[in-house]
Amino acid sequence: MSKLVRIANGAGFLGDWLDAPRRLVERATVDYLTIEHLAELTMSILARQREKDPAAGYAEDFLDILRSLTPALKAQPQLKIVANSGGMNPPACVRAVARILSEAGLGGTAIGCVSGDDLLPRMDELMAQGCEFANVDTGARLAGIPQGALVSPASAPRSPTPQSEIRNLKSEIVSANAYLGARPIADALAAGARIVITGRVADASLTVGPATHEFGWRWDDWDKLAAASVAGHLIECGAQVTGGYNVDWQGFDLTDVGYPIAELAADGNAVITKPPGTGGAVTRRTVAEQLVYEIGDPRHYLTPDVDCDFTTVEIADQASDRVRVSGGTGRPATDTYKVSLAYRDGWMASGTLLVYGHDCREKAEACGRIILKRCELAGYPLARTNVELLGFGGGVPGAWFWRKYQTPGELVLRVTAHDLRREAVECFARQFAPLVTSGPAGLAGYAAGRPLVRPVYAYWPTLVPKSLVTPQVDVRPAKEWCA
Amino acid sequence: MTHGKTICVRDLATARSGDKGNHANIGVFANDEDSYGILCSRLTAVRVQTHFQELGVTRVERYELPKVLVLNFVLYDALAGGASRSLRIDTQGKLLGTSLLDLTFHANAWEENDQ
C-alpha cells in the first residue's frame, strides 16, 4: 500500500475547545497534529499583550494543550505537532513549550521556531523600499487611512467615506504580519523538528508543510500543493468539517465531536475523517460546505504556496464518516504575501438589557434613544452607534421574516457605541444602570455590570512582495531553548 | 399571491456563512442535482442582494461549483466594518447562511418573503 500521511487539526481558532487535541490523539493515530490559533484580528490582540509584557504575545492556550499532550508524545513516537500558536512572539512561545517538555522528561525533543512574518519593526524600511501597503479591498494607501470612527455609522453603512477626513495612522499600527507559507515548516521538519511553532502562517500551509516534507514534493508541483491546500483548508476550522456549524445539527450529537483528520496520499488527494466513536459526522455536505467557507472566487483560492482552483475538486462518500476529496488543481503562486495589518481605531462598548412586557419593542427603542441622548447631554455625541432589538429580528437587520409574527413579550436591547475618544465611550457605558430608576418599568439584566470599554483595532488587508520577506527557521532541542 | 406551491431555500439546500474583512460569503450546498438546477436559475445574485439590502451590501457575486453542487455568494461590504469595527451582534456574518435559507419562492417566481 502506498504511503499515507495523516494530518489532524485540534483547534480552529484561539479559544477553541481545549480538550479536543488530547481527545483526538487518544482515539486516533495521526502523524501530525496541527493547531490553528490565529484569526484575522488575533494578531492585534496578541500584539497588545506583547506591548505590556515582552515575554507574552503568543497563544497561551497552546501551553495547556501541550501539557495535555505530553503523555501522547511519550507513547506515540510518530506524533509531530505544527502550530501557529507563536502569534506575535514565536520565540517566547517556543521557550515556554521547551520548559514544559523538559519538565515532562522530553528535553531532547527538537523544536522548530518559524518567524520572520512580523513586519512591524520593518515598516519604515519597507515603505522606503516602495511598499505602499495599499488596502486590497479599497485601494486606499496606508498613509491615508480614512478617519474611521467618524464615518459611516453601522445603521447607515451606505454613506460614503468623506475623503477629507484623513489621518496618517502609520504610528497607530499595532501589528503587521505577512502570511508565510509551507516552506519554512517543511524546512523545520527536515531539520528534525518534532514540534514546529510559527507566527503568522497561512492556515492551509500548516497542512501543506508536513505533506510536502513527507512526500518530497517540489515547490512547483502546483497540483499537489493545491490538493494538499484543499485538505488543509477543509480541516483548518476544526470541527466545522466534522458536523459543527451545520444547519442539520439535530442529525448527530456534537457534545463529543471528533476533530478532523486528513489522510493524504502522495498526489495530495485526501480522505477527510474523524476518530472512531466520536460525535459529529463527516459527509459530502459537511465537506462541501466547508470547501467554500470564507472564500471568494473559488477559481483562485490564493495561498502563499499556490493559486488553487476549487472548481475542479470532487467530493465523494467513501464510507461512514470518510469522504474522499480529489481533483484540486493549482497554478503558480503569486509573488506577494498577504499581510494582516491592524491599527488603533478608538474605543467601543456594548451594553444589553432585557426588556419585558407587551410594549417591549417600543420601550426598547425608547431606552436606546435615552441612553444615546444622555451621552449628548454629557457633551459626548458618539461617532458610531447601533441599537439592536435581539429576539425581534435584530440578528440580521431587515432580512428575517419576523414581520409575519406578533411582537414578542420580551426582547434583549443591545446598544453599541464606537468613538475615537475613550472618555466618550466610558460615558456611554455609564448610561445603562441609571435606567433602573430613571427608565421605564420592565427592564432587567443590570447585574452584568457596566459594559466593558475595549480598544478597537481596525483591519487593513494588504500585500508585500515576497522578495522583501525572509522566513526564519531555528531548530534546537527543548533543553537548549530553555538555556 | 398565496396560490400555488411555496418552496423555501431550506427545502433545497443547506448553507453556512463567514467573514473576509468587511465582506461576507455564503456557501449554499444543494441537496441533489435537481435542487442545484433550481437554485442556479432562481437564487440569483440580485435576489440575494435584495434579501440582505438593509445590511448595506454594495455588490453580490455568485460563483458556481457544479461538481460539488455548491453556489458561493460573496456579499461585498456586508459587515458594517468587519469583525473589529462592526457594531452589530453578528460581527462576522455567521447568521447570514441561516437567514438565506428563509428565502421562499412560488412555483413560477421568487416572491418577497417578508411583505
Side-chain angles (χ1 to χ4, degrees), chain A residues 39-41 44 137 148-149 152-158 240 245-248 284-285 287-299 310-315 327 342 345 348 350 384-386 388 390 394-404 414 416-418 456-459 461, chain B residues 10 14-31 51-58 61 63-72 74 76-90 92-104 113-115:
Chain A
E40 279 176 351
L41 281 159
S44 50
D137 285 343
S152 61
S155 49
R158 277 152 286 185
Q240 281 198 182
Y245 199 23
N246 205 293
V247 297
D248 284 344
R284 277 178 51 241
R285 185 181 301 282
V287 172
E289 286 187 11
Q290 196 58 24
L291 181 68
V292 294
Y293 180 69
E294 290 183 345
I295 73 163
D297 183 348
R299 292 163 299 193
F310 283 4
T311 65
T312 58
V313 171
E314 296 186 37
I315 299 172
D345 194 32
M348 192 183 285
S350 279
R384 300 172 71 222
T385 63
N386 194 24
E388 295 169 285
L390 308 181
V396 186
W400 198 32
F401 51 89
W402 53 265
R403 283 173 224 175
K404 285 180 185 171
R414 181 176 185 267
T416 306
H418 177 198
V456 176
Y457 305 111
Y459 177 63
Chain B
R10 182 176 288 104
T14 57
R16 69 178 56 180
S17 52
D19 67 320
K20 212 73 182 166
N22 193 32
H23 315 307
N25 91 309
I26 307 175
V28 177
F29 175 70
N31 293 343
H51 183 70
F52 291 114
Q53 65 186 9
E54 278 196 42
L55 300 182
V57 176
T58 56
E61 198 77 51
Y63 299 99
E64 298 172 12
L65 294 87
K67 289 187 177 215
V68 293
L69 306 181
V70 166
L71 294 176
N72 184 38
V74 179
Y76 288 89
D77 303 302
L79 297 180
S84 67
R85 295 183 81 250
S86 172
L87 305 182
R88 298 180 187 144
I89 190 158
D90 185 19
Q92 289 159 289
K94 298 282 187 190
L95 307 182
L96 303 181
T98 300
S99 173
L100 187 65
L101 297 179
D102 291 332
L103 260 178
T104 57
N113 56 33
D114 52 3
Q115 290 180 350

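Given the structure is predicted, the values throughout are model-derived calculations rather than measurements. In what follows, chains are A, B, ... by sequence order, proteins preceding strands, each numbered from 1.
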Open item on the list: Keeping B/Arg16 on the side-chain end and A/Gln240 on the backbone end, is there a donor-acceptor pair under 3.5 Å?
Closed with: yes
Which bit of [X] is near chain B, if near means a heavy-atom gap under 4.5 Å: side chain, backbone, both or neither?
X	value
A/Tyr459	both
A/Glu388	side chain
A/Arg284	both
A/Thr312	backbone
A/Asn246	both
A/Thr311	both
A/Leu41	side chain

Task: Leading residue by heavy atom contact count with chain A [cutoff under 4.5 Å; candidates B/Asn22, B/Ile26, B/Asn31, B/Leu79] - done: B/Asn31
Open item on the list: Tell me which of these, B/Leu100, B/Thr14, B/Leu69, has more heavy-atom pairs under 4.5 Å with chain A than the rest.
Closed with: B/Thr14
Open item on the list: Looking at every non-hydrogen atom in both residues, tell me the closest pair between B/Ile89 and A/Gly395 and how far apart they are.
Closed with: CG2-CA, 4.4 Å
Task: Exercise: identify the closest heavy-atom pair between A/Ile295 and B/Val74 - done: O-CG2, 4.0 Å
Select one option (side chain, backbone, both, neither) describing which atoms of [X] are under 4.5 Å from chain A's heavy atoms.
X	answer
B/Ala15	backbone
B/Gln92	neither
B/Asn72	side chain

- [ ] Just give me the residue among A/Arg414, A/Glu40, A/Glu314 that pairs up with chain B most often, heavy atom to heavy atom, under 4.5 Å.
- [x] A/Arg414
Task: Largest heavy-atom contact set with chain B, pairs under 4.5 Å, which of A/Thr416, A/Asp297, A/Asp248, A/Asp137 - done: A/Asp297
